[in-house]
Amino acid sequence: MANLEIDFCGIKSPNPFWLASAPPTNSGYQVQKAFDQGWGGVVWKTIGAPVMNVCNRYGTMDYKGTKIIGLNNVELISDRPIDVNLREIAETKKLFPKNTVICSVMVESKKEAWQEIIKRAEQTGCDGFELNFGCPHGMSERGMGSAMGQVPEYTCMVTEWVMDVATIPVIVKLTPNITDIVQPARAAIKGRGSALSLINTINSIIGVDIDTFEIRPNVGGKGGHGGYAGPAVKPIALHLLSAVGADPEVQRSGVPISGMGGIETWRDAVEFMLLGATSVQVCTAVMHWGFRIVEDMIDGMSNWMDERGFESPHDFIGKSLPRISHFGDFDLGFQSVARIDHNKCINCNLCYVACNDAAHQCIDLKNVQLKNIGNGEGKLMPVVREEDCVGCDLCSTVCPVDDCISMVEIETGRPHVTWNELSQKRPEITQDWGKMEEYRKEIGLHIH
Amino acid sequence: MAEHYKPFKYMPWEMSLEERFQEYHPPYSEREAVLESNRCLYCHDAPCMVACPTTIDIPTFIRKISTGNVKGSAKTILESNLMGASCSRVCPVEVLCEGACVLQHDHKPITIGRLQRYAMDYANERNIDFFKKGEPNGFKVAVIGAGPAGLSCAGELAKRGFDVTVLEKREWGGGLDTYGIVVFREPVEVSLKEVTMIEKLGVEFKFNVEVGKDVTFEDLVKQYDSIFVSVGLGAVPEMSIPGEELQGVYDGLAFIEETKIMPLKDIKYGNRVCVIGAGNTGIDCATIARRLGSERVSIIYRRSEAEMPAYHFEYQFAMNEGVSFMFLTQPVEVVGENGQVKALKCIRMDLGQPDASGRRSPVEVAGSEFEIPCDMVIKAIGQKKLTPITDKLGEFGVKLIKGYIEVDNATNRTHHPKIYAGGDCIRSKGEASTVMAVEDGKIAANGIHVALCGEKAHKVPALTSKM
């Protein structure tokens, strides 16, 4: 069994699986139970300014019979007094010295307030801090949470305040509710933050009751935006993680990243880590299934590592990051075409209608004679007109049968050139439709 | 039968004999397994797990299939039940795990058995070894009988460092999973592979060795620190009716065994077959006969549908196979001609008052005798106790209940401090089944471990079988 231990800016954690700062890390009871079941670390539910919560707090995105592909919440930071939280953090750390306990903090934008809570919380023996610059509701209206994270200057300033007094690592948690997440990431580094974590939840309205016209979740007849999380946000999180992870300034700084956003299984975790996350944080999946899911996360990742000969997570963290590129650097000469395996085809014809209505009309329904099947008369089946196939991949994505439609790379003889190279060498082609047409004729690219 | 069951069409002219004896549930494809596993609610303190005699962590193994950690899934199963591959095929899931599934109330239960088979097949195809022999602790245990109880006990003990020797009187291990379950429910390779798995844990197997003949009990008790008796039961008993010795009267278990060890084309079968007894064996025999080619197969049972020991899904399966049932019918004589079976003479029965078991006793209807023309009679009316063995055990102070070996439920220890027992030979109450036998083996292994290594044995890390 592979060793899953990670080193996160000096913090040794038995495995990369941490609970995110959220309801599952609300109390000592919960965190200790989570450690018993195998979680490597937790980020304690944010402590700080006094709050009062409302009900109902959660709304879910259910999809075709599947519950909670997305979860939205309007719960605030910890509504338990700071003293109680600090006492339980200290107790928990004493009971579980090997597990990682990160204390999440959020107070009003005053230097004294930040420095005071950091000094107090350090007494608990916790391993590090996470600065909550991401919470998108309730706290942001009071100038905290995402209100800080959305302004890089604030992010830098508060991080500096904290770094001036903190003696343990400080993780800056970023909000996705911003145009360019790289800016606050750089600001956090400028403020000497030791690490980054992302993403916090995404602004959302989960839905409207079409019978009562109420907003979900319904808070006494009213509703408002909340923070969206769960499996549905994973692609957004992966993008923001890769944007931050691939940024040269972030890379130069060498700060580790704790990734989160829709992680439910070990496979999700591996994807985040391949894109540069050193640890991963989980919340929604635990809110749905409980702490016990970590057993499969550990077991599954360990089996996956064994199969590939990875001895430590550090052997694969960031391995896919160099592949993150930009449209202008993609190879315009790379050509794939769809191939349909008619022995696997079940004749649903979804590929045909998708290609015909929504793509480039290069699948025909034709009479196909199958070996060993039928009475020799053949039947109507989707057939790709390969010379017209643009290689968009839509047909294979709608196909319900595994390995029935595959995208096959073919060599067309066209030059392997990128848009950026083309713009540099022959700028006229990229600016004038007439020249573009000539160029296409020259390289033998026909678009019908 | 789960809704996935595709009724067998009796059209031998379209299927080869081999095809007719393939496993009747096709294996799940990856997509089917993933879709089905994602339907599981992943209940906490799940009723399915409580219903499993071996307490397999069913929600966890199913979740592992859904996350693509199929190897981990197989390990989760085997940690609780080393015979997971056999059980996935032969367990009466409809009355155990699937019968307890919370989804049965508003739609369909999860097909736990087939998912378990998917995970076990995955591990078997890749020859993954999950466990290794524990650090030797110096104790020697003899296991008599290599059926599921014996294999389970031997495997669990080997994991904890015991030096285990299994004595098996037959050529192969696996017990009834190898010899007594029809091949289209469990192919013989599946249980033989389980024997290999136990062998790889360092357990020594001595086949074709019969205790009491090739080696004495006295020697075993002397040479070993503990003995686990899992000898099962014997042949089908006599019906004690005239004509039983005629040619064409078969022992049901022997008939099933032929499908496991003989080329199918060499198995003799009648055209009109009467199977006596409506238990699991009776159903297996009747359906085998149909698939071999018998045109008319009847199951003769002296009580009614309500009392028959076969499970409801087995009853349905047999009817799908074209087997007819004659309830409230008691055989009174096998009628012969030139030493060959010619007919089965029966008498109609009525149900009278409930007997000691609570089942209503059948009462003959006077003057209602009739003959069923047939050329083959298969007896499937239970199994005899192995009295030579139990008598011998009696000399050591081992006590019996109703002919079965009496054990302490918590440890499966007999009245002799060194001798433990499990499997069908202790099943004085409850259903005899592979999964119960596996649990017996586990209980005994625990009992032996604690008895020899002390109370602390429970906490030995080997128990968790983490590698």
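Everything numeric here is computed off the predicted structure, so don't read it as measured data.
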Looking at B:Glu30, I'd like to know if its CD atom is crowded, meaning that more than 12 non-hydrogen atoms belonging to other residues, nucleotides or ligands lie closer than 6.0 Å. no
Is it true that atom CD of B:Glu135 has more than 12 heavy atoms of other residues, nucleotides or ligands lying nearer than 6.0 Å? no
From B:Tyr42 atom OH to A:His288 atom NE2, the distance as rounded to the nearest 0.5 Å: 11.0 Å
Count the heavy atoms of every other residue, nucleotide or ligand shown that sit under 6.0 Å from CZ of A:Arg323, and state whether that count exceeds 12. no
Any non-hydrogen side-chain atom of B:Lys64 less than 4.5 Å from a side-chain atom of A:Glu295? yes
May I ask you to check whether over 12 heavy atoms, not counting those of A:Glu311, lie within 6.0 Å of atom CD? no
Can you find a heavy atom in the side chain of A:Asp296 that is under 4.5 Å from one in the side chain of B:Thr60? no
Salt bridge (Lys or Arg N to Asp or Glu O under 4.0 Å) against B:Lys200, all qualifying residues, sequence neighbours excluded: B:Asp129
Nearest 0.5 angstrom please: B:Glu32 CD to A:Asp402 CG, how far? 10.5 Å
Tell me the residues of residues 262-281 of chain A whose non-hydrogen atoms fall below 4.5 Å from those of chain B, in number order. A:Glu264, A:Thr265, A:Trp266, A:Arg267
Heavy atoms of other groups near A:Lys344 NZ, more than 12 under 6.0 Å: yes
Can you tell me how far the CD1 atom of A:Ile293 sits from the OG1 atom of B:Thr67, to the nearest 0.5 Å? 10.5 Å
Of the backbone (N, CA, C, O) and the side chain (C-beta and beyond), which part of B:Ser29 lies under 4.5 Å from a heavy atom of chain A, both, or neither? neither
Could you tell me whether B:His105 atom NE2 has more than 12 heavy atoms of other residues or ligands within 6.0 Å of it? yes
Taking the side chain as every heavy atom from C-beta outward, state whether A:Trp289 and B:Arg63 have any atom pair closer than 4.5 Å. yes
Pick whichever of B:Pro59, B:Ser73, B:Gly68, B:Ser66 has the most heavy-atom pairs under 4.5 Å with chain A. B:Gly68
